Amino acid sequence: MKDTLVMKFGGTSVGSLQAIRQVCGIAHDAKASWQNVAIVVSAMSGVTDKLLNGAKSAAAGDDSLAETIAGELREQHLSVLVELAPTASSGRETIERLLDEFSTLCHAVRVLGEASPRALDAIASLGERMSAPLVAAALNAAGVPAEAVDAREVVVTDEVYQFASPDMDATRQRAQQVIGPLFAAGLIPVITGFIGANREGTVTTLGRGGSDFSGAIFGVVFEAREVWIWTDVSGVMTTDPRIEPAARTLSEITYKEISELAFYGAKVLHPKTIRPALEHGITLWIKNTFAPNSASTRIIENGNGQKGDIRAVTAIRAQCMITVEGRGMLGVPGIAARLFTAVARSKTSIVMISQASSEQSICFVVPYGARQVVVSALEEEFRQEIARRDIDRINASQDCAIVTVVGAGMRSTPGIAGKVFSAVGDERVNVIAIAQGSSECGISLVVDAVEADRAVRAIHRLIVR
Ligand code: ADP
Ligand code: ASP
Ligand code: MG
């Protein structure tokens, strides 16, 4: 029988003394019912941001911030370690050594005057490499035998620093060698999320928020029956409870719906987590570390036909809508192909293509930070058309947000779009562009950044009436 459970704990779930106590309780209970339990941990909350801020400041010529941060991180980790595992000297040594490594790396970054993606990964990886020994020590002290595992020894990735992808076959082999014996000895491996290493052994990361993805990767290689993502809210909710406190837990959500939500900004699950779980028949749950017995969400393959329901609404911020306009584009073949190729060349992913597009204008949304490179790439590509006035302008909008309404049954139900537009219209939110049906279960609206929360709350009232 496949009887392995992978549990991933996010930053807040390992972010304090109290949180790690909860983790110990949850692990203890899981061990009683499952043959093998593996734990994947994030860095303590806020740590990855701090590490990267230290690196950024060092690249700008000042490594004093990194020193301050190293002091804060020492306190943050060691104060918890002392309370939960006072005799764990190896955990303490590891944390001290990693903080020294942080100082050395930031010093090197200052001398070079730049932080390459490779250096940033080395620095960002330190958070998980500190939290895993800390959690393992706490588990051992609580009588739950555990051992910290550095995913650099297990997850083999490509060379794409900051967005690495795993080689699943190589990772499976390593997992058998490194983690197989731990399972056999009845230990819980406490594995660093977010990180891996390329074939040369150089550390890589899977992208921000990527520990969820690590959870799914380990689920696949251990042939786990279930992967439980433990976080700081009670599962996937009708919207982000930080925007709308009336949000409530969805007890089930389909893979399609959660994919759409995750892609369009619902941080509760990293979008890359979903496919491996779906393809390998692993049941995914999202649960609340701080209320383990409260409502939770199971991800399911097909909904039981809740036709017409808007199930959730989400927003992704810091976006920019680019509009390329010109009468001379009318009927000229190949403009769109050249446009999207130019954007791809600028290494930017398009988040949404709007139906406002016609042959005279094409609009699409990219992350706000990418607007300049995208506009330059387009100006370069269409230099001649601009000179001939076939293209009148390439416009980049102000900071905007994409608000996405999700529900698997929406597509086959007439009138949903109308309801959504009335809801935001009543709130006097100006809809800049829309896209519908690019996936089967979502409608996306582009709105001004400052109106995003108001739009989300207005649409949410259609769900929770
Ligand atoms: P972790 O550190 O556990 O990975 P994250 O901060 O990455 O946690 O994700 C959890 C957060 O996702 C919640 O605190 C919540 O604010 C946010 N969130 C956004 N949309 C939703 C949603 N639809 N349901 C639940 N949480 C959401
Ligand atoms: N610690 C990493 C981050 O903050 C990964 C994660 O938490 O999932 O992005
Ligand atoms: Mg997360």
Side-chain angles (χ1 to χ4, degrees), residues 4-32 34-45 47-48 73-99 101 125-155 174-175 177-197 203 211 214-215 217-219 221-222 224 227-230 289:
T4 299
L5 170 67
V6 175
M7 299 198 289
K8 175 264 173 177
F9 291 91
T12 323
S13 302
V14 296
S16 65
L17 185 69
Q18 198 43 43
I20 297 180
R21 283 212 174 105
Q22 290 286 117
V23 173
C24 292
I26 291 167
H28 175 268
D29 292 352
K31 195 68 188 98
W34 294 78
Q35 188 183 335
N36 300 318
V37 175
I39 287 182
V40 176
V41 287
S42 288
M44 292 179 91
S45 46
V47 169
T48 312
L73 296 180
R74 181 171 289 112
E75 168 63 22
Q76 185 174 357
H77 291 84
L78 295 186
S79 63
V80 174
L81 186 70
V82 162
E83 280 294 322
L84 290 176
T87 56
S89 58
S90 75
R92 185 186 188 97
E93 280 157 24
T94 308
I95 290 165
E96 295 278 10
R97 183 171 46 73
L98 293 170
L99 288 168
E101 200 174 321
S125 75
L126 297 167
E128 275 71 7
R129 288 161 62 198
M130 290 191 282
S131 65
L134 173 59
V135 171
L139 282 167
N140 281 312
V144 185
E147 190 165 315
V149 176
D150 187 327
R152 291 177 305 165
E153 310 295 324
V154 186
V155 178
R174 293 273 189 92
Q177 288 159 6
V178 176
I179 297 172
L182 302 182
F183 282 149
L187 294 168
I188 296 185
V190 179
I191 316 164
T192 55
F194 181 52
I195 72 173
V203 65
S211 294
S214 303
I217 294 170
F218 289 111
V221 299
F222 301 151
V227 172
W228 297 357
I229 305 285
W230 291 93
T289 304

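Please read these numbers as outputs of a predicted model, since none were measured by experiment.
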Please report the interatomic distance CG(N140) to CG(L84), rounded to the nearest 0.5 Å.
12.0 Å
Tell me, do F183 and P189 make a side-chain contact under 4.5 Å, heavy atoms counted?
yes
Walk me through it: do W34 and T4 pass the test side-chain contact (heavy atoms from CB on, under 4.5 Å)?
CA-CA 6 Å; W34 294 78; T4 299; 5.8 Å; no
Would you indicate whether the side-chain heavy atoms of V221 and V155 approach each other to under 4.5 Å?
no
So, for A43 and V14, which heavy atoms are closest and what is the spacing to 0.1 Å?
O-CG2, 3.8 Å
Roughly how far, to the nearest 0.5 Å, is the OG atom of S214 from the NZ atom of K8?
8.5 Å
Nearest 0.5 Å, please: how far is OG1 in T289 from CD1 in I26?
5.0 Å
Mutual orientation of the aromatic rings belonging to F9 and W230 [parallel < 30°, tilted 30-60°, perpendicular > 60°]:
parallel
Tell me, with the steps shown, if Q177 and E153 meet side-chain contact (heavy atoms from CB on, under 4.5 Å).
CA-CA 10 Å; Q177 288 159 6; E153 310 295 324; over 6 Å; no
salt_bridge(R74, E96) N-O dist < 4.0 Å
yes
Within a strict 4.5 Å, meaning less than it, do heavy atoms of the M130 and L73 side chains meet?
yes
Quick check for you: to the nearest 0.5 Å, what is the distance between C24 atom SG and D29 atom CG?
11.5 Å
Residue pair V40 / V6, side-chain heavy-atom distance below 4.5 Å
yes
Distance-minimising heavy-atom pair for A137 and L81:
CB-CD1, 3.8 Å
Quick one: closest heavy-atom pair of G215 and V227, and the distance?
O-CG2, 3.9 Å
Apply the test side-chain contact (heavy atoms from CB on, under 4.5 Å) to residues I191 and I179: give CA-CA distance (whole Å), side-chain angles for both, the deciding distance (0.1 Å), then the verdict.
CA-CA 9 Å; I191 316 164; I179 297 172; 3.7 Å; yes
Does a side-chain heavy-atom distance below 4.5 Å link L5 with W228?
yes
Taking all non-hydrogen atoms of both residues, which atom of T12 and which atom of S45 are closest, and how far apart?
N-CB, 3.9 Å
Please confirm whether the backbone N or O of S42 pairs with a side-chain atom of S131, one donor and one acceptor, at under 3.5 Å?
yes
Determine whether D150 and I195 make a side-chain contact, defined as any pair of heavy atoms from C-beta on separated by less than 4.5 Å.
yes
More than 12 heavy atoms from other groups under 6.0 Å of CZ on R92
no
Any idea which heavy atoms bring A138 and A85 closest together, and the distance?
N-CB, 4.3 Å
Could you check whether any side-chain heavy atom of E128 comes within less than 4.5 Å of a side-chain heavy atom of V41, counting everything from C-beta outward?
no
Evaluate the criterion side-chain contact (heavy atoms from CB on, under 4.5 Å) for residue pair Q22 and S13; output intermediate values, then yes/no.
CA-CA 8 Å; Q22 290 286 117; S13 302; over 6 Å; no
Could you pull out the closest heavy-atom pair between G143 and P145, with the gap in Å?
O-CD, 3.5 Å
So, taking the atom named OG in S211 and the one named CZ in F218, what distance separates them when rounded to the nearest 0.5 Å?
10.0 Å
Once rounded to the nearest 0.5 Å, what's the spacing between atom CG of L134 and atom CG of L139?
10.0 Å
Any R152 side-chain heavy atom under 4.5 Å of R129 side chain
yes
